[in-house]
Amino acid sequence: GKRLMQEANIKTAIILIVLHAIMNAVFIKLVENRIAEEIYKEYKANASFLSDNVKITMPYLRAFIVTILLTVCISCALAGLMLVCYRLSNIAVSYIQMLVLVSVRSAVLIQAVFISGVIFIISWNYGISAFVLVSIVGLICIVCTATAIAPDDKKDKLVLLMSIMVLIFLVVKIFIIYKMCPLYL
């Protein structure tokens, strides 16, 4: 992560963020399939006298596109928050460097979301839990990488600001996802 930050290669950053977005979209597809299956089971159990030709449909394409756009937008917002943390710590960085920093999170989350998806297929409870847990691990990776490139005399202030920023980011992210839920149904 430190080397990636120093290079500030925006192409690599964009590729990692988009791959992370695609993995999130695939995970959401798995969740939607599970929800559709549960709705159908409930329907069949409670409405056995009705037609067997009932199909439960979910807006998969819309959910896929919304998830990709949402993940990319959240990553860009996170880069902006990181820029604010660095600037408040009096460390000169660019927005491109912060996008690269966020892509370090994406590099970790690509594999972690895949693993969460596999766990979700086996047990949806554990899969959702793993997905939430790896999201937190991704934020921890950002803080570790961010402090690795900061000067020693400014690390304490940067970690404090980033800790506050992570809490704000999680609240904002939960709010945005809550407001976007109707697009998935």
Side-chain angles (χ1 to χ4, degrees), residues 1-28 31 66-117 119-120 126-181 184:
K2 183 177 179 180
R3 196 169 344 123
L4 189 62
M5 279 284 300
Q6 291 167 341
E7 291 173 11
N9 186 342
I10 190 67
K11 290 177 187 176
T12 303
I14 290 171
I15 290 169
L16 289 171
I17 290 170
V18 169
L19 285 174
H20 172 219
I22 291 169
M23 288 306 298
N24 278 350
V26 170
F27 185 81
I28 292 299
V31 171
V66 166
T67 303
I68 289 174
L69 292 175
L70 189 60
T71 302
V72 170
C73 289
I74 286 173
S75 294
C76 291
L78 182 58
L81 286 171
M82 298 305 243
L83 183 63
V84 169
C85 289
Y86 270 88
R87 295 281 167 90
L88 289 173
S89 298
N90 296 320
I91 302 171
V93 292
S94 67
Y95 184 74
I96 301 246
Q97 287 176 303
M98 295 301 97
L99 276 175
V100 172
L101 178 61
V102 170
S103 75
V104 170
R105 170 182 165 258
S106 294
V108 169
L109 292 181
I110 291 167
Q111 296 90 349
V113 171
F114 176 78
I115 292 168
S116 297
I119 293 170
F120 183 86
Y126 293 126
I128 294 289
S129 298
F131 185 78
V132 171
L133 182 64
V134 299
S135 294
I136 294 168
V137 169
L139 290 171
I140 292 169
C141 288
I142 284 180
V143 173
C144 292
T145 303
T147 56
I149 65 163
D152 288 338
D153 61 329
K154 297 183 182 189
K155 283 185 181 184
D156 291 338
K157 185 176 181 181
L158 184 62
V159 169
L160 175 65
L161 288 170
M162 288 188 150
S163 298
I164 293 168
M165 181 276 312
V166 164
L167 293 175
I168 293 169
F169 175 73
L170 289 174
V171 169
V172 170
K173 184 177 177 180
I174 290 168
F175 177 76
I176 290 170
I177 291 171
Y178 171 75
K179 288 297 187 180
M180 298 299 282
C181 278
Y184 289 97

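Here the structure is a predicted model, which means the values were calculated and not measured. Index from 1, following the sequence.
With sequence neighbours left out, the salt bridge (Lys or Arg N to Asp or Glu O under 4.0 Å) criterion links Asp153 to no other residue. Legend: residues meeting side chain to side chain contact (heavy atoms under 4.5 Å, CB included) with Asn9, ordered by chain and number and at least two apart, are Lys11, Thr12.
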Show me the donor-acceptor pairs, under 3.5 Å and distance only, between side chains in residues 128-139 and residues at least two apart or in other chains.
residue, atom, partner, partner atom, Å
Ser129, OG, Asn125, O, 3.0
Ser135, OG, Phe131, O, 3.1

Output side-chain donor-acceptor pairs under 3.5 Å for residues 157-177, partner residues at least two apart or in another chain, one line each.
residue, atom, partner, partner atom, Å
Lys157, NZ, Leu88, O, 2.9
Ser163, OG, Val159, O, 2.8

Contacts table for residues 69-78: side-chain donor-acceptor under 3.5 angstrom, sequence neighbours left out:
residue, atom, partner, partner atom, Å
Thr71, OG1, Asn24, ND2, 3.2
Thr71, OG1, Thr67, O, 2.8
Ser75, OG, Thr71, O, 3.0

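Within the structure, side-chain hydrogen bond (donor to acceptor under 3.5 Å, both in side chains) contacts touching residues 98-111 (residues at least two apart or in different chains) are His20-Ser106. For residues 137-168, no pair satisfies ring-ring contact (aromatic ring centres under 6.0 Å, His included), with sequence neighbours left out.
Taken from CG in Leu16 to CG in Leu99, the straight-line distance is 11.5 Å, to the nearest 0.5 Å. Here CD1 of Ile68 is found 10.0 Å from CG of Leu19. Values are rounded to the nearest 0.5 Å. Summarising the geometry, atom CG belonging to Asp156 is positioned 10.0 Å from atom OG1 belonging to Thr147; distances are rounded to the nearest 0.5 Å.
The two residues Val31 and Phe120 come nearest to each other via the heavy atoms CA-CZ, 3.7 Å. The heavy-atom pair separating Ile91 from Lys154 by the smallest distance is CG1-CD, 3.7 Å.
For Phe114, the CZ atom sits in a loose shell: 12 or fewer heavy atoms of surrounding residues, nucleotides or ligands are nearer than 6.0 Å.
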Criterion side chain to side chain contact (heavy atoms under 4.5 Å, CB included) on Met23 and Leu109, from CA distance to verdict: CA-CA 9 Å; Met23 288 306 298; Leu109 292 181; over 6 Å; no

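Thr145 pairs in a side-chain contact (heavy atoms from CB on, under 4.5 Å) with only one of the listed residues (Val108, Ile140, Leu101), which is Leu101.
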